[in-house]
Amino acid sequence: MQKYRTHNCNELNIKNKDQKIILSGWVNKKRDHGNLLFIDLRDNYGLTQCVIDKSNSFFKVLEKLQLESVIKVEGKVVERTKDTINSELKTGEIEVKIDSFVILGHCNELPMPIFSDQEYAEEIRLKYRFLDLRRKKIHENIILRSKIIEFIRSEMTKFGFLEFQTPILTSSSPEGARDFLVPSRLNPGKFYALPQAPQQFKQLIMIAGFDKYFQIAPCFRDEDARADRSPGEFYQLDMEMSFVEQEDVFEVIEKLMVNLFNKFSNKKLKYKKFPKIKFNESMIKYGTDKPDLRNPLIISDITDIFLRDDVKFEIFKKLVKSGSSVRAIVTKNTKDKPRSFFDGIDNWAKQEGASGLAYFTFEKNNKISARGPVGKLFSEESLKEIMKITSAEIGDSIFLACGKIYDLEKITSLARDKIAKELKLIDENEFAFCWIVDYPMFEKDQITKKFKFSHNPFSMPQGDIKKIDFKNPLNIMAYQYDIVCNGVELSSGAIRNHIPELMYKLFSIAGYDKKQVDEKFSGMINALSYGAPPHGGIAPGIDRIVMLLADEKNIREVTMFPMNQNAQDLMMNAPSEVGSDQLKELNLFLNKKK
RNA sequence: GGGGGUGUAGCUCAGUUGGUUAGAGCGAUCGCCUGUCACGCGAUAGGUCGCGGGUUCGAGUCCCGUCACUCCCGCCA
């Protein structure tokens with residue numbers, strides 16, 4: 001017979017009736033009737049009710065036992081009477097009559113209850129993460145994460161991809177996020193960096209001729225946290241393919257995502273074939289490059305309306321003359337919404353730092369008019385023109401924002417979400433994927449006014465290489481793409497630039513001369529000169545995929561041992577101070593700010 | 001770096017216009033209870049009201065500062 005258990009806590013049923021069995025697990029809950037005691041025993045798999053009465057010599061000890069202690073129970077499976085069956089439990093038709101038990105692990109008084117659906121402060125959850133992880137919801141989330149990763153591995157393998165590991169200690173790169181640095185003992189004064197992504201390695205794997213690579217890759221970026229962004233580390237499904245174009249990458253990822261999301265969620269996929277939206281179009285229509293396509297609202301640019309003489313909206317007209325734009329969101333058939341709805345949105349926008357949102361509703365009695373605080377300022381002809389541009393109809397309302405493009409995109413994007421939520425336009429039972437394509441290769445830095453790579457410097461520019469217009473870098477498009485689901489950016493990817501001369505040229509636009517490129521990207525640029533295949537890939541974020549499938553709003557709910565917002569591990573006390581011996585060995589001395 | 005929210009018993013929270021000894025549920029401890037599955041009943045213990053300062057006859061409550069957690073902006077090629 002097994003030492004600790006013959007069965008787990010989720011498998012006994014009526015077929016095991018009268019069997020002598022052994023279970024081990026945690027005391028989830030006790031119900032003490034004085035002369036009769038029920039114990040719910042829990043393990044990873046489920047719950048089994050155990051019962052003992054006063055005639056048993058173990059009764060007195062069990063009665064006093066702390067919840068969450070680990071015990072081994074020996075006993076007999078007995079059938080429950082009809083009126084005591086618990087249909088909520090898989091093991092609810094039976095219970096275990098305890099003959100004897102042993103305490104395997106004693107539990108002190110708990111800092112937080114395990115058996116409860118209550119929400120707890122993050123601080124205590126993270127400090128006692130091992131207890132928090134016993135709780136049903138998060139325990140299941142972590143199991144889901146494991147199953148998702150297993151499924152991804154098996155799918156990618158089926159698609160012919162090979163899984164490889166890449167170094168964790170690598171070199172710092174000048175682009176992108178802040179690096180985590182690791183001092184080198186053997187090379188005084190020099191540092192490794194933890195990889196922000198295995199970007200260069202996966203390209204080197206292609207150059208080495210492995211054709212199709214993937215990895216569930218840890219990535220490290222020293223940036224501030226958000227609800228959907230762990231500080232420090234996160235995981236990507238990193239993948240790369242040789243001899244491919246953009247469409248080939250899309251095909252693999254779409255197949256994977258469709259299979260994955262169908263398998264692990266009951267929500268339906270809005271698109272089997274993911275729509276492709278050009279970056280510039282997305283910025284106008286949705287104000288962002290990660291649009292939530294479940295949201296039907298569309299943003300339109302109606303700046304030209306404010307150049308007309310029959311429009312008297314002087315504040316906007318003045319701003320437009322000095323270079324501002326006007327963008328609008330139309331809501332369908334909202335003529336009966338109370339004033340408080342519109343003012344609520346307006347006030348919300350002011351809280352968000354915008355100057356507010358003007359609004360009116362299209363009406364028609366004898367002629368078309370606009371109802372609302374600024375309605376009188378628009379002529380019938382101008383209203384007709386607005387309706388044409390925005391596809392608005394009588395009975396619809398319109399929200400207007402005026403400002404510089406960058407600020408406008410921000411506020412209209414937020415307003416689009418806010419209004420849709422207020423009007424309950426978003427179907428929570430849907431996943432809406434899309435590709436954002438045709439990213440510009442460069443953008444102008446707002447402060448330095450210099451050109452910088454807008455995304456990945458290793459991306460391939462579009463079009464005939466010989467005809468690229470290097471004089472106007474902002475016009476150069478890249479084979480650079482993002483995949484977005486429900487407004488969550490899952491990943492960026494690109495077809496890579498495998499031509500060294502072109503790479504030098506592009507880097508020179510961003511202000512790096514040949515020598516700097518050779519220094520900073522020595523491994524890559526050198527390798528490209530020894531026969532590099534055309535290649536490309538992408539790297540969807542695992543944590544965010546699990547978040548979507550687990551229907552969680554916070555990444556810590558799908559991360560086993562997350563850090564808090566200040567990048568501290570409250571359970572392990574990381575980061576921590578180190579001894580002077582360690583520092584000395586690493587040739588470091590501290591210059592702490594007071 | 002900036003803005004918002006929160007901080008009261010081990011946990012989750014209530015605490016009115018500033019006013020007697022700061023409360024409840026869960027948990028803990030003790031007692032009663034043989035069919036519960038959020039078992040029930042009774043009792044007891046448990047508080048630096050995050051911390052520091054101020055206003056006031058009097059502060060959990062008002063003011064100033066500070067710390068922690070969290071959400072957002074910046075940042076995240």
Side-chain angles (χ1 to χ4, degrees), chain A residues 28-42 47-56 59 63-64 66-68 78 80-89 91-92 95 97 107-128 131-132 173-179 196-197 199-200 219-232 234 351-353 407 410-411 414 439-443 445-447 452-459 478 480 482 489 492-494 506-507 510 539 541 553-554 556 563-566 568 570:
Chain A
N28 192 59
K29 192 77 187 160
K30 288 189 299 182
R31 290 175 295 281
D32 187 353
H33 292 239
N35 293 314
L36 179 74
L37 172 66
F38 295 100
I39 289 178
D40 291 337
L41 199 64
R42 184 196 72 238
L47 276 185
T48 302
Q49 174 168 284
C50 304
V51 62
I52 187 169
D53 70 21
K54 166 164 92 168
S55 62
N56 187 310
F59 181 83
E63 206 182 16
K64 296 289 168 228
Q66 262 70 27
L67 292 182
E68 292 304 313
V78 296
R80 296 205 204 179
T81 59
K82 277 222 177 70
D83 54 322
T84 61
I85 286 174
N86 184 347
S87 55
E88 309 261 297
L89 286 184
T91 60
E95 63 195 6
K97 192 164 187 300
C107 180
N108 291 338
E109 190 179 339
L110 292 163
M112 56 184 277
I114 309 301
F115 175 69
S116 167
D117 294 329
Q118 204 138 42
E119 306 246 8
Y120 300 101
E122 292 280 334
E123 201 169 356
I124 195 151
R125 292 185 58 192
L126 294 181
K127 184 165 180 196
Y128 295 95
L131 292 179
D132 191 38
S173 78
E175 286 284 322
R178 280 184 212 97
D179 283 319
Q196 296 182 20
Q199 180 63 38
Q200 294 189 59
C219 303
F220 306 89
R221 295 178 192 174
D222 187 4
E223 297 294 350
D224 291 350
R226 288 288 183 278
D228 64 350
R229 204 163 83 201
S230 290
F234 62 97
Q351 273 171 27
E352 289 293 323
D407 298 323
K410 223 162 68 183
I411 190 65
L414 289 170
Y439 276 83
M441 190 86 209
F442 296 99
E443 62 189 19
D445 192 294
Q446 300 273 1
I447 300 157
K452 60 176 193 180
F453 290 107
S454 68
H455 266 67
N456 190 322
F458 303 130
S459 296
Q480 166 84 43
D482 275 15
E489 183 195 321
S492 297
L506 293 167
F507 266 102
K553 296 269 178 292
N554 193 298
R556 291 185 298 275
M563 296 197 282
N564 69 10
Q565 195 170 43
N566 294 323
Q568 299 160 336
L570 299 176

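Throughout, a chain's letter reflects where its sequence line sits, starting with A, and its residues are numbered from 1. None of these values were measured; they are calculated from a predicted model. In what follows, every heavy atom counts, from backbone to side chain, and hydrogens, waters and symmetry copies are set aside.
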* To do: Provide, to the nearest angstrom, the distance between the CZ atom belonging to A/F38 and the P atom belonging to B/U36.
  => 7 Å

* B/C75 phosphate, OP1 or OP2, under 4.0 Å from A/R226 side-chain N/O -> no

* To do: Remember a base hit wins even if backbone is also touched, and classify A/F453 as base, sugar-phosphate or nothing at under 4.0 Å, heavy atoms.
  => sugar-phosphate

* Tell me what A/K553 touches on the nucleic acid: a base, only sugar-phosphate, or nothing, going by heavy atoms under 4.0 Å. => nothing

* For A/N564, answer base if it contacts any base atom (sugar-phosphate contacts may also be present), sugar-phosphate if it contacts only those atoms, and nothing otherwise; contact means non-hydrogen atoms under 4.0 Å. => sugar-phosphate

* To do: For A/L47, report the nucleic acid contact type (base, sugar-phosphate, nothing); a contact means any heavy atom under 4.0 Å.
  => nothing

* Structure fact -> To the nearest angstrom, the CE-P distance between A/M112 and B/C13 comes to 13 Å

* Would you say the side chain of A/R221 and the base of B/C76 hold a donor-acceptor pair, judged only by whether the two atoms sit under 3.5 Å apart? -> no

With 3.5 Å as the limit, what N/O pairs link the protein to nucleotides 37-44 of chain B?
residue, atom, partner, partner atom, Å
B/C37, O4', A/R31, NE, 3.0
B/C37, O2, A/Q49, OE1, 3.3
B/C37, O2, A/N86, ND2, 3.1
B/C37, N3, A/R80, NH1, 2.9
B/C37, N4, A/T84, O, 2.4
B/C39, OP1, A/K29, NZ, 3.2
B/C39, OP2, A/R31, NH1, 3.1
B/C39, N4, A/D32, O, 2.0
B/C39, N4, A/H33, N, 3.4

* To do: Would you indicate what A/P457 reaches in the nucleic acid, counting non-hydrogen atoms under 4.0 angstrom: base, sugar-phosphate, or nothing?
  => base

* Asked: Does A/Q568 have a side-chain nitrogen or oxygen under 4.0 Å from the phosphate oxygens OP1 or OP2 of B/C69?
  -> yes

* To do: Name the nucleic acid region contacted by A/Q66, choosing base, sugar-phosphate or nothing; use a 4.0 angstrom heavy-atom cut-off, strictly under.
  => sugar-phosphate

* With a 4.0 Å cut-off on heavy atoms, is A/N554 in touch with a base, just the backbone sugar-phosphate, or nothing at all? -> sugar-phosphate

* To do: Report which part of the nucleic acid A/R125 touches: base, sugar-phosphate, or nothing (heavy-atom distance under 4.0 Å, all strands).
  => nothing

* Asked: At under 4.0 Å between heavy atoms, what does A/Q565 touch on the DNA or RNA strands: base, sugar-phosphate, or nothing?
  -> base

* With a 4.0 Å cut-off on heavy atoms, is A/S454 in touch with a base, just the backbone sugar-phosphate, or nothing at all? -> sugar-phosphate

All N/O pairs under 3.5 Å across the protein-nucleotides 3-7 of chain B interface:
none

